Number of protein chains: 2
Amino acid sequence: MSNPLVRKLENFVRLSPEEKQALEKIAQPTRRLGAREDVARDGDRLRHVNVVLEGWACRYKQLEDGRRQVISIFLPGDLCDPHVFVLRKTDHSLGTLTSVVLAEISETAIREVALQYPRLAEALWWEMLVTAAIQREWTVSLGQRLATERLGHLFCELFLRLRAVGLTSETSCEFPITQADLGDAMGLSTVHINRTLKELRAAGLIRLRGRQLTIPDFPALQAASLFDPSYLHYERDPSVLDDD
Amino acid sequence: MSNPLVRKLENFVRLSPEEKQALEKIAQPTRRLGAREDVARDGDRLRHVNVVLEGWACRYKQLEDGRRQVISIFLPGDLCDPHVFVLRKTDHSLGTLTSVVLAEISETAIREVALQYPRLAEALWWEMLVTAAIQREWTVSLGQRLATERLGHLFCELFLRLRAVGLTSETSCEFPITQADLGDAMGLSTVHINRTLKELRAAGLIRLRGRQLTIPDFPALQAASLFDPSYLHYERDPSVLDDD
DNA sequence: GCAAAAAGTTAACCTCCGTTAGTTCCGCAC
DNA sequence: GTGCGGAACTAACGGAGGTTAACTTTTTGC
């Protein structure tokens with residue numbers, strides 16, 4: 001299967017064979033990690049951009065007293081550290097949720113590709129801005145949505161993001177993370193995550209067993225979670241002719 | 001007093017007189033709004049970057065049923081919409097909290113300045129990345145911090161951000177927003193904001209009366225709120241010689 | 001294939017925060 | 001000064017979600 005970064009960016013701009021090739025060349029697997037390992041720690045100086053090729057990772061922050069917040073979830077095709085170029089130290093940690101394969105791209109490699117292929121530069125901008133939009137939507141979820149809405153909203157988001165890189169079937173996808181991690185991401189206790197999952201299952205909105213999530217009726221879950229996908233900005237630029 | 005955008009960026013890079021002049025030239029006041037007005041609405045197509053010159057503004061999102069989340073607070077010197085260049089529609093609204101003076105900068109003006117002055121381009125990158133870091137920290141606050149910590153943390157953040165543009169005295173600053181807006185930003189009800197303010201006042205951590213906030217003992221408030229300012233990335237680049 | 005560890009599940013109790021419904025205070029217009 | 005409207009403040013009650021402490025199921029290691 002082709003490179004998930006290529007598949008992801010093609011949701012925004014149409015890429016030529018050379019552009020795809022250039023991207024694939026710099027996004028080759030360079031590092032493999034097990035589940036629950038740290039890629040980088042709060043305060044580290046970063047040397048390259050990490051791209052997830054396989055598995056799930058996350059940004060997180062740990063408070064002095066141990067409380068942990070998962071700030072973002074990274075799926076195959078996601079760039080983890082676009083800030084590497086300007087800021088000297090990270091202000092958060094980067095860890096794996098499952099076992100993960102990463103591409104570590106150097107600053108110069110990214111700069112060169114962006115200079116040579118302006119459309120790739122634009123696509124990378126898009127990726128960065130969508131990441132920011134997702135972060136804003138998480139702010140809304142944590143601030144306003146109830147537990148059921150919050151979880152349902154996350155399922156909708158992750159399903160669409162996985163679909164964008166070809167990792168879903170019609171109604172289901174892998175869902176390999178623990179309820180404890182879900183809790184850290186949603187600002188809820190594990191116990192309450194469990195209660196809420198039970199409720200969503202009872203309402204027939206999801207099935208979740210053994211790392212497999214099924215959303216039998218997406219519009220229903222969407223309505224129950226007040227999910228509006230426009231923040232994902234997945235519509236392809238209409239000014240780019242689509243001729244395959 | 002000089003331009004707040006210039007003052008803000010100088011917290012990161014040292015700017016030459018020409019660089020300052022170029023920045024000031026494109027960040028001139030072009031629009032004045034009253035309190036509680038919308039600058040742009042969810043779904044709008046944006047044509048320029050808005051920079052706050054005076055007053056406080058915010059990003060917010062309103063759910064179908066009326067619940068409102070303030071996603072970011074913008075102070076003088078802040079850029080509101082760096083995404084204008086790539087994404088076609090906003091996914092959130094932009095509104096004023098107080099009366100506001102804006103500079104509306106066109107895409108081309110920003111591009112030209114960034115091309116001509118690489119150090120300004122870098123400074124604008126920094127500003128964008130710090131904005132993202134602030135967003136991540138809000139995620140942590142909403143997900144993990146209790147009401148007192150959450151409010152205290154916000155006070156610490158806003159005080160430092162205002163100080164970076166010269167809008168504080170030794171221990172106090174203007175604080176012109178209502179408890180209702182504070183609630184929408186912190187994901188708390190107005191009633192609970194009020195209760196929590198009472199508690200912070202009783203603990204001697206803040207004074208807040210008539211749009212004026214005083215933090216008599218910053219380290220004390222910082223400790224009580226688990227506030228670590230490193231995410232604001234305010235240390236100036238040491239590779240840039242500082243010779244005034 | 002078995003033991004051990006990790007993850008999922010549930011119940012009882014408690015607390016932080018929301019809701020409702022007020023009252024009080026303050027700024028402003030006239 | 002008086003009257004008005006918005007913001008600040010308070011009390012009583014209720015509910016969403018946290019905590020503790022189990023028990024069960026699944027996964028992992030050897």
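Quick note: numbers below take in every heavy atom, side chains included, and nothing from hydrogens, waters or symmetry partners. Every chain is numbered from 1, with letters handed out A, B, ... down the list of sequences. Treat the numbers as computed from the prediction; the structure is a model and nothing was measured.
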Residue pair [X] / [Y], side-chain donor-acceptor N/O under 3.5 Å:
{"X": "Asn194(A)", "Y": "Gln179(A)", "value": "yes"}
{"X": "Arg59(B)", "Y": "Ser72(B)", "value": "yes"}
{"X": "Trp56(A)", "Y": "Glu174(A)", "value": "no"}
{"X": "His192(A)", "Y": "Arg195(A)", "value": "yes"}
{"X": "Tyr231(A)", "Y": "Asp42(B)", "value": "no"}

Non-hydrogen side-chain atoms of [X] and [Y] separated by less than 4.5 Å:
{"X": "Val51(A)", "Y": "Leu79(A)", "answer": "yes"}
{"X": "Ile73(B)", "Y": "Ile177(B)", "answer": "yes"}
{"X": "Glu104(A)", "Y": "Asp81(A)", "answer": "no"}
{"X": "Leu129(B)", "Y": "Met128(A)", "answer": "yes"}
{"X": "Leu154(B)", "Y": "Leu182(B)", "answer": "yes"}
{"X": "Val39(A)", "Y": "Leu102(A)", "answer": "yes"}

* **the helix from dG1(C)-dC30(D) to dC30(C)-dG1(D): angle between end helix axes, five pairs per end, rounded to 10 degrees** => 60°
* If a protein heavy atom is under 4.0 Å from the base, mark B; if only from the sugar-phosphate, S; if neither, -; do that for nucleotides 25-30 of chain C going 5' to 3'. => -S----
* List the protein contact pattern of nucleotides 17-23 of chain C with one symbol per nucleotide (5' to 3'): B for base contact, S for sugar-phosphate-only contact, - for none; contact means a heavy-atom distance under 4.0 Å. => BBBB---
* **Worked verdict on Glu37(B) versus Arg32(B) for salt bridge (Lys or Arg N to Asp or Glu O under 4.0 Å)** => CA-CA 10 Å; Glu37(B) 286 185 41; Arg32(B) 281 156 201 280; over 6 Å; no
* Asked: Could you go step by step and tell me if Phe155(A) and Phe227(A) meet the ring-ring contact (aromatic ring centres under 6.0 Å, His included) rule?
  -> CA-CA 10 Å; Phe155(A) 291 144; Phe227(A) 177 79; over 10 Å; no
* salt bridge (charged side-chain N to carboxylate O under 4.0 Å, His left out) with Asp78(A): which residues, sequence neighbours excluded? -> Lys8(A), Arg161(A)
* Hey, does Arg201(A) reach any base, or is it just sugar-phosphate, or nothing, if we go heavy atoms under 4.0 Å? -> sugar-phosphate
* Interface residues of residues 173-183 of chain B with DNA chain D (non-hydrogen, below 4.0 angstrom) -> Thr178(B), Gln179(B)
* Nucleotide range of DNA chain D lying under 4.0 Å from chain A heavy atoms ->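 Taking any atom under 4.0 Å from a heavy atom of chain A, the span is dA16(D) to dT26(D).
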* Any side-chain N or O of Asn194(A) under 4.0 Å from OP1/OP2 of dG8(C)? ->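 Asn194(A) to dG8(C) OP1/OP2: no side-chain N or O under 4.0 Å.
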* Please determine which of Gln135(B), Arg136(B), His92(B) meets the side-chain hydrogen bond (donor to acceptor under 3.5 Å, both in side chains) test together with Thr139(A). =>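 Filter result, single survivor: Gln135(B).
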